[in-house]
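Here's the structure, in structure tokens; my notes come after.
Just so we're on the same page: letters track the sequence lines, and every chain starts at 1.
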Amino acid sequence: MKEHQAGWLFVAPALLLVGLFFVLPVVVGLALSLTDFDIYGIGDLTTVRFVAFANYSQLAGNPLFWQALKNTAVFVLLGGILSILLALASALALASRLTVWPSFFRTVYFAPVVMTLVAAAVVFRYLYHPDFGLLNRVLGLFGVSPVFWLGDPRYALLAIILLATWKNFGANMVVLLAGLGTIPESLYEAAKLDGASAVRIFWHVTLPGLRPTLLFVSLTTVIGYFQLFAEPYVMTGGGGPNNATLSLVLHMYKEGFRWWNLGYAAAVAVVLTLIIAAASTVLWLVQRKKA
Amino acid sequence: MRSAWLAVALLAAACTGKEDPSVLTFWALGREGEAVGPILQEFERENPGVRVRLQQIPFTAAHEKLLTAIVGRSTPDVAQVGNTWIPELAALKVLEPLDPWLPRFPVLSSKNFFPGIWETNVVEGVVWGIPWYVDTRVLFYRQDLLAAAGFIAPPKTWESWRKAMRALKQKGLCPFAIYLPTDEWAQLVILAMQQGATLVSPKAEPKFSEASFTQALEFYLGLFHEGLAPVLGNAQVGNYYQRFADGWYAMYITGPWNLGEFRRRMPPSVSWSTAPLPAPQENAYPGVSLAGGSSLVVFRRSSKKELAVRLLAYLSQPPVQRRFFQETGDLPSQLAAWEYPELHQDPQAQAFWQQLHRVRPLPLLPESERLMQRLWEVVESGIRGQASAQQVAQQMDQEASWMLEKRRWLLARRKP
């Protein structure tokens, strides 16, 4: 009994902090999403109403929300696959004995992760510039007419995906490199003795060995990419052109802090949390089954 | 929630600490914030012992900063605000009603200002701000191209306007007659106001399906569908000054901030001018335009309101406004300041003078800016031919209706 009490006493500070800074905000956010707290509410608290699930039904009928959801899904799917593939490719290349200066390239590929996004955005805005941009210059060599990367609704999201991929693949690469290191050398030697080709070695030794690492990498990538915000915020001035780069978090931010519909914004946050939870669970179940 | 605010408020109080009774805090935005500094020194000289602490805030961050200050209860004494923000600030109940102060300062009398601009500061019968400088939109046009198309004078009616645009295009004088950025709402809203559209009724019901709005919308969409206007926004068009100089388009509906820019950027070979906007019918000329600009407001929490209003009166004096105009190019709000030769004898500024007597504000609601922001997004599908004018209007009505739901509830609650 005494031991039991002492145990609670020891975890009490941690529980208190968790309660104050994790549980309470979530509960407040949930409660907020059931009210119509807005600009009038800030001026006069008595105008705040309990509206039950009205924010959620409004959200379901709001074309902007669906646009943001679609953009975010495309970003997660395309950007996620692209950055994991790129991370995997670069990790394999760096782990191979043929690569010269592996630590130099590891640093170079990881550098964008540490870089401030705003600084990177400035550079990318030049790269994407329709008249003077390097990207259009290079495409021009192949006879492609200038693309208005950030101003054209058809290409703006792709431009954001390329930036995010470039910015983030290094982190995944480092994790995958560590994962590659855990695969026992003896397995490769055995496969080689059996006369397996490079492709078969990759498919039957490397990939199964990397599975837990890949699960971790894809989970963190999906969770992170669903929260897309800073890239469109700095690159396209808040989701333009014509909302082609509006993400869910950006939609929430604009509703909450530009128009001060805090109740509605809280509802978007709750929905986003549920979506991320669902997507991660599915991903986890699928990959765990394979493993 | 309330306790969190209390904590923030306490923190803010702790930060401000003791308040010096002779120091006035003044938040000014962007370029104006830079230019007003030396002018304030004059005010300090006229009021010995008084200091004005000027804080410059970039225009893009101003709205958020102001609202954060309001929630944190650390508002300044005086601030420059875009006059479209006034209904919002009035709803937040943070501004000092100025009516009781006005009789003490004759320069602040409403009859010294453009009536349409003054109106933007009056919400539900209460004066919340004083116009500082004024904005509206007029027609910028290429005199040489229009003359080549057979039009010596700028168009006065929609019909002759469209005729001129068609002539410009048919005679091959320019690929497009007019530039109407697809990511701006002002041009369409101006056309609708000219038809008498109110956009939102006094009972906070959206009125986008009314004939006055849809007629303007059809005229507007027609300009794109006929190929008279390019389907491009500011985000895509790049340097529109260069394109105007190149004769890529011949007309543009824009404001006084572009007067200086056009003068600086147009080569001498290009002859251009400004004119008040055309009207749907000849007898309504000039057509209505939007009332814009910045106002000066006093915050309710200020402990130095008398001094604050004195600063408003100082900045409204015609000689001070003249100096401010010379520094910034911002058009003065005081009618008397327009008698100085640099404005009176400038034909391009005179178009603004004429137009400023025919301006109307957006609906004086906190929701207006959000409505307008959504308007151009919805209208874009009409421009691209994916929706008819009727469909655009209906969708706008539907979305505006839920944006205004709270407003309707507040109005209904107020009655009994």
Pro206(B) side chain reached by Leu199(B) side chain, heavy atoms, under 4.5 Å: no

Top contributor to chain A interface from [options] [non-hydrogen pairs under 4.5 Å]:
options: Gln395(B), Met403(B), Glu367(B); result: Glu367(B)
options: Thr60(B), Leu67(B), Val94(B); result: Leu67(B)
options: Lys406(B), Lys93(B), Glu380(B); result: Lys406(B)

Segment of Pro25(A) engaging chain B (4.5 angstrom heavy-atom cut-off): neither

Short N-O contact, Glu124(B) and Arg414(B), less than 4.0 angstrom: yes

Glu255(A) and Asn261(A) side chains, donor-acceptor separation under 3.5 Å: yes

Donor on one side chain, acceptor on other, Glu88(B) and His63(B), under 3.5 Å: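 Judged by distance alone, the side chains do pair up.
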
Geometric class of the Phe132(A)/His129(A) ring pair [parallel <30°, tilted 30-60°, perpendicular >60°]: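 Rings of His129(A) and Phe132(A): parallel, as their planes differ by under 30°.
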
Residue among Thr47(A), Leu150(A), Asp36(A) with most heavy-atom pairs under 4.5 Å to chain B: Thr47(A)

Residue among Phe257(A), Tyr264(A), Trp260(A) with most heavy-atom pairs under 4.5 Å to chain B: Trp260(A)

Centroid-centroid distance, Tyr155(A) to Phe148(A), less than 6.0 Å: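 No, too far apart.
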
Segment of Glu377(B) engaging chain A (4.5 angstrom heavy-atom cut-off): both

Which portion of Gln398(B) sits near chain A, non-hydrogen atoms under 4.5 angstrom: neither

